[in-house]
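Written below as structure tokens is the structure these notes are about.
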Amino acid sequence: MEDPVKEIEGVINGLTTSRNFEVQTKTLNKYYTSDAGFDHPLAWVHNAPNSRETVLMVYRSYSWLSDPQKIVINSMSFDKEKLQMTIDLDEYAAFFLLPWRTVKLRLVVVLTLKKVNGKYYIYKQEDFFPTQDLLSIIPGLGLLYRAGKTVVSYNAFLIGAAVNTLKVPRIFFPSPPQQEAKKLK
């Protein structure tokens, strides 16, 4: 990529929303290094010689198992010094288990880039999904997870309120006095 901010949306769509494996292959070969890595909640490819081919097979299996209909980029940032790009996006997709049901998944993608001869290539891709969104693919599971999180949050509130009200000293992992004094300065 000559300008990652302008070109990344085309890269994402070429890999995820295209139903054509040839487009997917050309996109990956053009924009990823041959030793590209990929880290996703359900897949991991270590950076290694010719690992780009494995990343391609992960994308190919994803295309076969799901029908991504639309990608909406909410925001992105590019740090030229650190060669890192972050993209916050929403993906609307149907999955093979429930092809009639479209699910909205929020995803944050962190790309580590390499600059070679004035062009930027993706060296590593890390995908981060909120757990409840990933679980929402299966009806009811996302709701059950959210209910569990609500119970845990309520319990944390009760414990925090009790500790605060009763002025209970820290029993677990107490800070040494000198570190506590430094924090107050």
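Note that the coordinates shown come from a computational prediction; the quantities given were computed from them, not determined experimentally.
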ask   = Is there a side-chain contact between M1 and I122, using heavy atoms and a 4.5 Å cut-off?
value = yes

query = Is the shortest heavy-atom distance from the side chain of Y59 to the side chain of T16 under 4.5 Å?
reply = yes

Derivation of the side chain to side chain contact (heavy atoms under 4.5 Å, CB included) call for K114 and L83 = CA-CA 7 Å; K114 273 188 175 179; L83 293 174; 5.8 Å; no

request  = Take atom CD of E126 as the centre, draw a 6.0 Å sphere, and report whether it contains more than 12 heavy atoms from other residues, nucleotides or ligands.
outcome  = yes

query = Hey, what's the ring geometry for H40 with F38, parallel, tilted or perpendicular (30° and 60° as the breaks)?
reply = parallel

ask   = Does some side-chain heavy atom of F78 sit less than 4.5 Å from a side-chain heavy atom of L113?
value = yes

request  = Could you check if a side-chain atom of V58 sits within less than 4.5 angstrom of a side-chain atom of V55, using non-hydrogen atoms only?
outcome  = no

ask   = Could you give all pairs that pass the salt bridge (charged side-chain N to carboxylate O under 4.0 Å, His left out) test and reach residues 49-58, with sequence neighbours left out?
value = none

query = Are Y92 and L107 connected in the hydrophobic side-chain network, where two residues link if heavy atoms are under 4.5 Å apart?
reply = no

Short side-chain to backbone donor-acceptor contact, N47 and Y123, under 3.5 Å = yes

key: Joint hydrophobic cluster, L166 plus I159, side-chain heavy atoms closer than 4.5 Å   = yes

query = Taking NZ, NE, NH1 and NH2 as the nitrogens, is one of them in D90 or K70 under 4.0 Å from a carboxylate oxygen of the other?
reply = no

Side-chain heavy-atom pair L89, M76 within 4.5 angstrom cut-off = no

query = Rounded to the nearest 0.5 Å, what separation is found between the OG1 atom of T54 and the CZ atom of R60?
reply = 12.5 Å

Side chain to side chain contact (heavy atoms under 4.5 Å, CB included) evaluation trace for M85 with V109 = CA-CA 8 Å; M85 185 167 207; V109 180; over 6 Å; no

message = Ignoring hydrogens, what is the shortest heavy-atom contact between P41 and D127? Give both atom names and the distance.
response = CD-O, 3.5 Å

message = What I want to check is whether the side chains of N20 and S18 have a donor and an acceptor closer together than 3.5 Å.
response = no

task = Indicate, with yes or no, if L141 and Y145 share a hydrophobic cluster defined by side-chain heavy-atom contacts under 4.5 Å among Ile, Leu, Val, Met, Phe, Trp and Tyr.
result = yes

task = Given side chain to side chain contact (heavy atoms under 4.5 Å, CB included), test Y31 with L111 step by step and report yes or no.
result = CA-CA 12 Å; Y31 295 107; L111 301 175; over 6 Å; no

note = Minimal heavy-atom distance between H46 and S51, with the atoms involved, is O-CB, 3.5 Å

note = Rounded to the nearest 0.5 angstrom, the CD-CD1 distance for E9 and I87 is 10.5 Å

task = Treating Ile, Leu, Val, Met, Phe, Trp and Tyr as nodes and any side-chain heavy-atom pair under 4.5 angstrom as an edge, say whether L15 and M57 lie in one connected cluster.
result = yes

message = Looking at A94, is its backbone amide N or carbonyl O close enough to the side chain of T102 to form a donor-acceptor pair, meaning the two atoms are under 3.5 Å apart?
response = no

query = Rounded to the nearest 0.5 Å, what separation is found between the NZ atom of K30 and the OH atom of Y121?
reply = 9.0 Å

From K82, Q125, K124, residue fulfilling side chain to side chain contact (heavy atoms under 4.5 Å, CB included) relative to T112 = K124

ask   = Can you name the closest pair of heavy atoms from V5 and I8 and give their distance?
value = O-CG2, 4.1 Å

task = Verify, without hydrogens or angle tests, whether R106 (side chain) and F128 (backbone) share a donor-acceptor contact under 3.5 angstrom.
result = no

query = Any side-chain heavy atom of I73 sitting closer than 4.5 Å to one from I12?
reply = yes

message = The test is side chain to side chain contact (heavy atoms under 4.5 Å, CB included); show your working for E81 and D79 and say whether it passes.
response = CA-CA 6 Å; E81 287 180 26; D79 186 329; 3.5 Å; yes

